[in-house]
2 protein chains.
Amino acid sequence: MELFWRKGYEGTSLSDLTETLGITRPSLYAAFGNKEVLFRTVLKRYEANVVTYRRKALNAHSAYAVARELLEGAANLFGDESKPAGCLGVQGALACGEDAEPVRQELVANRSAGERALRQRLKRAKTEGDLPADSNPASLARFLSAVVYGMAVLSAGGASHKELLQVTELALRIWSQES
Amino acid sequence: MELFWRKGYEGTSLSDLTETLGITRPSLYAAFGNKEVLFRTVLKRYEANVVTYRRKALNAHSAYAVARELLEGAANLFGDESKPAGCLGVQGALACGEDAEPVRQELVANRSAGERALRQRLKRAKTEGDLPADSNPASLARFLSAVVYGMAVLSAGGASHKELLQVTELALRIWSQES
DNA sequence: GATATTCTATACTGATTGGTATATATCCTC
DNA sequence: GAGGATATATACCAATCAGTATAGAATATC
């Protein structure tokens, strides 16, 4: 996971994988199928075990709390120096050659699913009166997703945890007035 | 440029380049040196001829106008369907193998330079009273950069021009109160 | 119009890509 | 302890990677 996370799908070679796993090539293929299904397996694991802040955020009690948990959770993850910088779901395959196109599509679908879940949570918040009647949950979900992606890029460029938290703080100012 | 833009540095092969340029391999090397210096040349051209909105934004007369020009300019560029989706400066090499590491570093430095220029413009705005005395230009510049990068990722995932403009609109709400 | 020079085209380099065939060793079951 | 299944290790595969040597063609200079 750390290899794909740091170097992306295309940038990670089978030799990289077998060397750091201490596993021979045929063993890797017997265990995981091929490079692409290994990546998909890794992505599931990443979603389940690493991106834990999203589920936590979606379960928060207010729209503001959802946004805060999401952004701060992202800042905490991306700013964690014990882990690779950035986000596997973004830099795993943002742009790539034809061979990796299915993987790119998978990541696009993965991000879209995250945006959809957030949108639905904010829609609920609107019906519950937790967001103003003139608010746009879809737009808001997209904005929050964009800030998360933006922090991922900042992180990949070397931004610190503190710097990411400042971005979070500014993004949350949207709530200081009606939204 | 469109090849590197769409497929990234690693995802673009020399065969891709020579085929679409209608040029043979030795001609390409005679003209540009090698793949890496070609990419750097392309990046310069991209900055000069494509990312025109940044210079326009930095020359705007107020801090709010700077932010608006920057975000709307990015939305317009990323949403332009006659061009590849996303941003070369982001998806050119966000994560990659060792071979492409110098190119990744170049893009990191390139983004940092953009953030720095924006920060300095906002600092000036603060001294001119165009931003509140308790505002943080560095933080604000990083936030705006993050939103631009986030829109680039959204665009790479297929977001429309309209959707990107909605992100812009929300990000600008920070100005609706003191910032 | 001959000579020098630049440009291009074909073919090739060694290295690396993802992926496997085959053979050997280990382990589990009976 | 014999037999069968599973796992590993070595060696290999064709294809592609970035980059180049060499030879031929076009062009410019004198």
Side-chain angles (χ1 to χ4, degrees), chain A residues 1-46 84 88-110, chain B residues 1-46 84 88-110:
Chain A
M1 185 168 84
E2 288 199 10
L3 275 174
F4 282 132
W5 195 344
R6 270 181 23 234
K7 305 170 100 172
Y9 178 75
E10 272 182 335
T12 305
S13 71
L14 281 185
S15 300
D16 288 333
L17 293 165
T18 54
E19 275 173 32
T20 67
L21 289 175
I23 292 269
T24 63
R25 236 176 181 78
S27 298
L28 190 147
Y29 274 81
F32 300 108
N34 62 18
K35 190 186 175 186
E36 185 176 330
V37 320
L38 172 57
F39 182 86
R40 293 183 133 95
T41 307
V42 161
L43 181 63
K44 266 188 206 137
R45 197 182 183 83
Y46 178 82
L88 175 63
V90 173
Q91 68 207 28
L94 190 54
C96 60
E98 283 97 357
D99 293 352
E101 187 62 21
V103 169
R104 194 188 70 88
Q105 293 285 356
E106 167 93 15
L107 290 185
V108 169
N110 188 61
Chain B
M1 186 168 84
E2 287 200 9
L3 274 175
F4 283 132
W5 195 344
R6 269 179 23 231
K7 307 170 100 174
Y9 178 75
E10 272 183 334
T12 305
S13 71
L14 281 184
S15 300
D16 287 334
L17 293 165
T18 54
E19 276 173 29
T20 66
L21 288 176
I23 292 269
T24 64
R25 236 177 181 79
S27 299
L28 189 148
Y29 274 82
F32 300 107
N34 63 18
K35 191 186 175 185
E36 186 176 328
V37 319
L38 172 56
F39 181 86
R40 292 183 134 94
T41 307
V42 161
L43 181 63
K44 265 189 208 136
R45 196 181 184 84
Y46 178 82
L88 175 63
V90 173
Q91 68 207 28
L94 189 55
C96 59
E98 284 97 356
D99 294 351
E101 188 61 21
V103 169
R104 194 188 71 87
Q105 293 284 355
E106 167 92 16
L107 291 185
V108 168
N110 188 60

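Chain letters run A, B, ... following the sequence lines, proteins first and then strands; every chain starts at 1.
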For the pair made of [atom1] in [X] and [atom2] in [N], what is the distance, rounded to whole Å?
X      : N       : atom1 : atom2 : answer
I23(B) : dA18(D) : CD1   : P     : 17 Å
E10(B) : dT16(C) : CD    : C1'   : 13 Å
Y29(B) : dC7(C)  : OH    : C1'   : 18 Å
K35(A) : dT16(D) : NZ    : C1'   : 13 Å
E19(A) : dT17(C) : CD    : P     : 9 Å
L14(B) : dG19(D) : CG    : P     : 6 Å
L28(A) : dA9(D)  : CG    : P     : 13 Å
L17(B) : dC17(D) : CG    : P     : 11 Å

From T12(B) atom OG1 to K35(B) atom NZ, the distance as rounded to the nearest 0.5 Å:
6.5 Å
When rounded to the nearest 0.5 angstrom, what is the spacing between CG in L14(B) and CD in E19(B)?
11.0 Å
Would you say a side-chain N or O of [X] is under 4.0 Å from OP1 or OP2 of [N]?
X      : N       : answer
S15(B) : dT16(D) : no
S27(B) : dC7(C)  : no
T24(B) : dA9(C)  : yes

Main chain of L107(A), side chain of N110(A): is a donor-acceptor contact present, judged purely on distance under 3.5 Å?
no
Is it the case that the side chain of Y46(B) and the backbone of M1(B) share a donor-acceptor pair, with hydrogens and angles ignored and the cut-off at 3.5 Å?
no
I need the residues from residues 95-105 of chain B with at least one non-hydrogen atom less than 4.0 Å from DNA chain C; give them sorted by number, or say none.
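Heavy-atom cutoff 4.0 Å gives no residues at all.
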Both Y9(A) and P26(A) contact DNA chain C. Taking the nearest nucleotide for each, which residue is further toward the 5' end?
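Going by which nucleotide is closer to the 5' end, it is Y9(A).
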Residues K7(B), E98(A); criterion side-chain contact (heavy atoms from CB on, under 4.5 Å); working and verdict:
CA-CA 8 Å; K7(B) 307 170 100 174; E98(A) 283 97 357; 3.0 Å; yes
So which heavy atom on A100(B) is nearest to which on E10(B), and how close?
CB-CG, 3.8 Å
Base dA18(D) to side chain R25(B), donor-acceptor N/O within 3.5 Å cut-off
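Such a pair exists between side chain and base.
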Using a 4.0 Å heavy-atom cut-off, does T12(A) contact any base of the nucleic acid, only the sugar-phosphate backbone, or nothing at all?
sugar-phosphate
Going by the angle between their ring planes, with limits at 30° and 60°, are Y9(A) and F39(A) parallel, tilted or perpendicular?
perpendicular
